[in-house]
Protein chains: 2
Amino acid sequence: MAKSKQREDHVKALYALGESLGGPKAWVSTNQMADHLGVKAPSVTSMVQVLQELGWAEHRPYRGARLTVAGRRLALNLVRKHRLWETFLVERLGFGWEEVHDIAEQLEHIDSVKLVDRLDEYLGCPKVDPHGDPIPDGKGLFNDDRSLRSPSDLVAGDVGRVAAVQRDDAALLSLLKSHGVALGTEWTHEALQGLPHDLREQLLLELVSTMKHGAS
Amino acid sequence: MAKSKQREDHVKALYALGESLGGPKAWVSTNQMADHLGVKAPSVTSMVQVLQELGWAEHRPYRGARLTVAGRRLALNLVRKHRLWETFLVERLGFGWEEVHDIAEQLEHIDSVKLVDRLDEYLGCPKVDPHGDPIPDGKGLFNDDRSLRSPSDLVAGDVGRVAAVQRDDAALLSLLKSHGVALGTEWTHEALQGLPHDLREQLLLELVSTMKHGAS
DNA sequence: CAATATTTTTAGATTTGTCTAAATTATTTT
DNA sequence: AAAATAATTTAGACAAATCTAAAAATATTG
C-alpha cells in the first residue's frame, strides 16, 4: 500500500483535474498538478513517477499523467471521506459550509475503513455533502441523479435552486455567503444577473420552475 | 510553531513517561522514549534536540529530557484531543473501547482549535474518556476529583468499581474484556484474585463498599 | 579505584518529498 | 520548416526523520 498524505494529495489532484478535463482517459499535465497543489513542477514529476511504481497512475513523459483503476478507487475513497467529514462538521458540529474545507482536508487522510463506514452510517448515509456535491458510496460509485444546470442555461422567467458550488475554497464560499447565496436558496434568472460574473459561474442550479414549454 | 506528527509523538511520550516517573521535573532517558515510541535511541536524541530548539523540551546530555511549560501545554492538548476523539468513537460511533486507540492516535494530530472545542461541546464536555481517564480542559487542566485505588489496596469484603485502566493498548483491553472486565463493572476483593496478576494490576478501582470501619 | 559493562551521543548513510537550475522535448510563429 | 518560445524532465542540493556503527560518558563491580 504505502500511503502518505502527499501521495494521496497528488492522487486527488490527478483525479480532480482529470474529471474537469474530460474523464478518466484525459492526460493531466504535471504543470496543472503543480499549480493545483502549490508545489513546483519537478516535484510533481517525481511524485507521479512514484505513483506509477505504486500502480496508482500512468505517466507518459512530456504528455502527462492519469490514474489507473486502483488510483481512481483511492481517489474516490478520499473524496468520500472528505465529503463525509464535511457533512459531519456542518450538520453535527455546527460549522459554516465555508469553513470546513481545510479541516476536512486533514481528516480525509485518517486511515480506517471501519471509521468511514461508521461515520457514514451515523450521518444517515447522506447522498450529498454541505456544498451539494455527491458522496461516493463505499465501492466508489456516485448516486448522482440530479440534473444540474449552469446559471447561463437559465432564461428569463426561470427559477433555480442552488444545488452545488464548483470550487470548494473558503474565500469563494465566504464571498458567495456575503451575496446571500447558500445551498437551497432559490434565484430567478434576473436575480442571478445581479451577481458578479465569476461568482455566478461557480454555481450549479436545479431548475425549480420555468415559463418555457416543451422539452426540458 | 512548526508542529509535525513525529514531534508531537515525542512530546507525548516525554509527557507520559515523565508522569509515570514522578511528575514534570523528572528526567526521562532517551532509551525509555525510544522503547516507548518504537524507534532507536539515536533518533530520539536528535528529535529531543529539535524539541529543545522549539522550546518544548530541555535536554541534558547523558541525563535525559523533560518538557518545558510550553511543551507540557502541547502534550496536555494532545491528551485532550486523544481522549475526546476516543469518547466520540465509543459513544457516538459505537466502537468498542478496546478498538479506538489506534484511530484516536491519528485523530489527535488534526490541527484546529475550533474543531476540538466544538467536539468537546458536542460530547457534553465529558470529564473522563471511555477508559476512565480524565480529559484535560481547554487550558490543560484536569478535573480529576476521583480517588482511585490499586486492586492490591482492597481487603477482604471490599467491593470496587472499575474506573480506569492504566495502559491503553488493544491487546490488553481485549484480554480484560475476555475476563469480563469492563468500565463500571463491580468486583469483590475475592473475585479480583481470580484474575491473572498482570491483568489485575492494570486496573484502577473506586471503592463501592467496605466492611472496614474508621478512616477511608 | 581501576576495569568492565551499560547507556547515550556523535558520525555518517538512507528515504521521502521538496527545491533551483539546466537540459530536453513539444509547440508556436514567422 | 526553421527559429523562437513554452512546457517538462533530469540533475543535483536540501531538510526532516530515521537507521547502523563507532565513540564518549556514566555506572557498576571486583
Side-chain angles (χ1 to χ4, degrees), chain A residues 1-15 17-18 20-22 26-67 71 74-75 78 105-106 108-109 111, chain B residues 1-14 17-18 20-21 26-67 71 74-75 78 105-106 108-109 111:
Chain A
M1 274 272 162
K3 292 176 194 172
S4 82
K5 185 189 179 308
Q6 290 90 334
R7 289 167 186 186
E8 290 190 338
D9 284 341
H10 280 76
V11 166
K12 239 188 97 178
L14 202 37
Y15 171 76
L17 294 169
S20 77
L21 252 57
W27 293 101
V28 179
S29 85
T30 48
N31 262 0
Q32 284 176 293
M33 289 182 66
D35 277 3
H36 189 264
L37 289 162
V39 299
K40 301 297 177 180
S43 310
V44 172
T45 301
S46 74
M47 183 56 93
V48 152
Q49 288 163 349
V50 170
L51 297 186
Q52 175 153 265
E53 277 158 30
L54 290 166
W56 292 335
E58 193 181 349
H59 180 222
R60 285 278 174 75
Y62 295 101
R63 210 177 302 267
R66 62 185 179 189
L67 292 176
L74 175 55
L78 288 165
E105 202 76 1
Q106 295 182 61
E108 75 190 7
H109 298 293
D111 188 24
Chain B
M1 274 271 160
K3 292 176 193 170
S4 81
K5 186 190 177 307
Q6 289 92 335
R7 289 167 185 184
E8 290 190 337
D9 284 342
H10 280 76
V11 166
K12 240 188 97 178
L14 201 37
L17 293 169
S20 76
L21 254 57
W27 294 101
V28 179
S29 85
T30 47
N31 262 0
Q32 285 175 294
M33 289 182 67
D35 277 3
H36 189 265
L37 289 163
V39 299
K40 301 296 177 183
S43 310
V44 172
T45 301
S46 74
M47 183 55 95
V48 152
Q49 288 163 349
V50 170
L51 297 186
Q52 175 154 265
E53 277 158 31
L54 290 165
W56 292 336
E58 193 180 350
H59 179 224
R60 286 279 173 74
Y62 295 100
R63 209 176 302 266
R66 62 184 180 189
L67 292 176
L74 175 54
L78 288 167
E105 202 75 1
Q106 296 181 60
E108 76 191 5
H109 298 292
D111 189 24

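We name chains A, B, ... by the order of the sequence lines, and we start the count at 1 in each one.
- Remark: B:D35 pairs with no residue by the salt bridge (Lys or Arg N to Asp or Glu O under 4.0 Å) rule, at least two apart or across chains.
- Atom NE2 in A:H10 sits about 15 Å away from atom P in C:dT16, given to the nearest Å.
- When rounded to the nearest whole Å, the span between NZ of B:K5 and P of C:dT16 equals 17 Å.
- Residues passing the side chain to side chain contact (heavy atoms under 4.5 Å, CB included) test with A:S20, sequence neighbours excluded: none.
- When the side chain to side chain contact (heavy atoms under 4.5 Å, CB included) test is applied to B:V48, the partners found at least two apart in sequence or on another chain are B:M33, B:V44, B:H59, B:A65.
- Side chains of A:D111 and B:Q106 form a contact here, defined as non-hydrogen atoms less than 4.5 Å apart.
- Contact annotation: B:H59 side-chain N/O to C:dT9 OP1/OP2 distance is under 4.0 Å.
- Atom-to-atom, CE of B:M33 to P of C:dT8 comes out at 12 Å; the value is rounded to the nearest Å.
- When the side chain to side chain donor-acceptor pair (under 3.5 Å) test is applied to B:Q52, no partner is found at least two apart in sequence or on another chain.
- Under the salt bridge (Lys or Arg N to Asp or Glu O under 4.0 Å) criterion, B:K40 pairs with no residue at all, not counting sequence neighbours.
- Listed by chain and number, the residues in a side chain to side chain donor-acceptor pair (under 3.5 Å) with B:H109 are B:E8, B:D9 (sequence neighbours excluded).
- A:S43 is linked by a side chain to side chain donor-acceptor pair (under 3.5 Å) to nothing, counting only residues two or more places apart in sequence or in another chain.
- For B:Q49, the side chain to side chain donor-acceptor pair (under 3.5 Å) test picks out no residue, with sequence neighbours left out.
- Checking side-chain atoms of A:R7 against main-chain N and O of A:L51 turns up no donor-acceptor pair under 3.5 Å.
- Applying a 4.0 Å cut-off to non-hydrogen atoms, the residues of residues 41-50 of chain A that approach DNA chain C are A:P42, A:S43, A:S46, A:M47, listed by residue number.
- Following rounding to the nearest Å, B:Q6 (CD) and C:dT15 (P) show an atom-to-atom distance of 17 Å.
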Heavy-atom protein contacts under 4.0 Å, nucleotides 23-29 of chain C, coded B base, S sugar-phosphate only, - none: -BSS---
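- Once you apply a 4.0 Å limit to the heavy atoms of chain A, the touched nucleotides of DNA chain D run 5' to 3' over D:dA7 to D:dT10.
- With sequence neighbours excluded, the residues satisfying salt bridge (Lys or Arg N to Asp or Glu O under 4.0 Å) with A:E108 are A:K12.
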